[in-house]
Peer 1: 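Supplied in structure tokens, the structure appears directly below.
This structure is a prediction, so every number in the text was calculated from the model and none was measured.
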Amino acid sequence: MEPRVDPMDGRVLERNYDYAQRNVRLLSMWYDCDPERMLELLAEHDIELSRNDERQFGTCYRSLRRANW
């Protein structure tokens, strides 16, 4: 039996973000959730946004990170 991978694990989430070309919208489609939820998950795991995502979602992401502290 193959070991199960937890898609919410921080390392897996970060790797999947890389696979999604560091694109929140694409990753949220893979995870079947809205971009806001994906931002919450990335913030919870302290995964830095790409430059493009930072421009688009930076304010929301930073507020989510502050909320997690």
Peer 1: Salt bridge (Lys or Arg N to Asp or Glu O under 4.0 Å): which pairs involve residues 24-34, sequence neighbours left out?
Peer 2: none
Peer 1: I need the Arg15 CZ to Asp9 CG distance, nearest 0.5 Å.
Peer 2: 8.5 Å
Peer 1: Side chains of residues 35-43: which donor-acceptor pairs under 3.5 Å do they make with residues two or more places apart or in other chains?
Peer 2:
unit_1: Arg37; atom_1: NH1; unit_2: Glu40; atom_2: OE1; d: 3.0

Peer 1: Please report the closest heavy-atom contact between Asn23 and Leu26, naming both atoms and the distance.
Peer 2: OD1-N, 2.9 Å
Peer 1: Can you list the residues that meet the side chain to side chain contact (heavy atoms under 4.5 Å, CB included) rule with Arg4, with sequence neighbours excluded?
Peer 2: none
Peer 1: Apply side chain to side chain contact (heavy atoms under 4.5 Å, CB included) to Glu54 and list each qualifying residue two or more places apart in sequence or on a separate chain.
Peer 2: Leu49, Arg62
Peer 1: For Arg65, enumerate each residue passing the salt bridge (charged side-chain N to carboxylate O under 4.0 Å, His left out) test, keeping only those at least two apart in sequence or located in another chain.
Peer 2: Asp46, Glu48
Peer 1: Excluding sequence neighbours, so at least two apart, what forms side-chain hydrogen bond (donor to acceptor under 3.5 Å, both in side chains) with Arg51?
Peer 2: none
Peer 1: So, using side chain to side chain contact (heavy atoms under 4.5 Å, CB included) as the criterion, who are the partners of Ser50 when residues are at least two apart?
Peer 2: Tyr17, Arg22, Asn52, Asp53
Peer 1: Going by side chain to side chain contact (heavy atoms under 4.5 Å, CB included), name the residues that satisfy it together with Asn16, two or more places apart in sequence or in a different chain.
Peer 2: Val12, Tyr19, Leu27, Tyr31
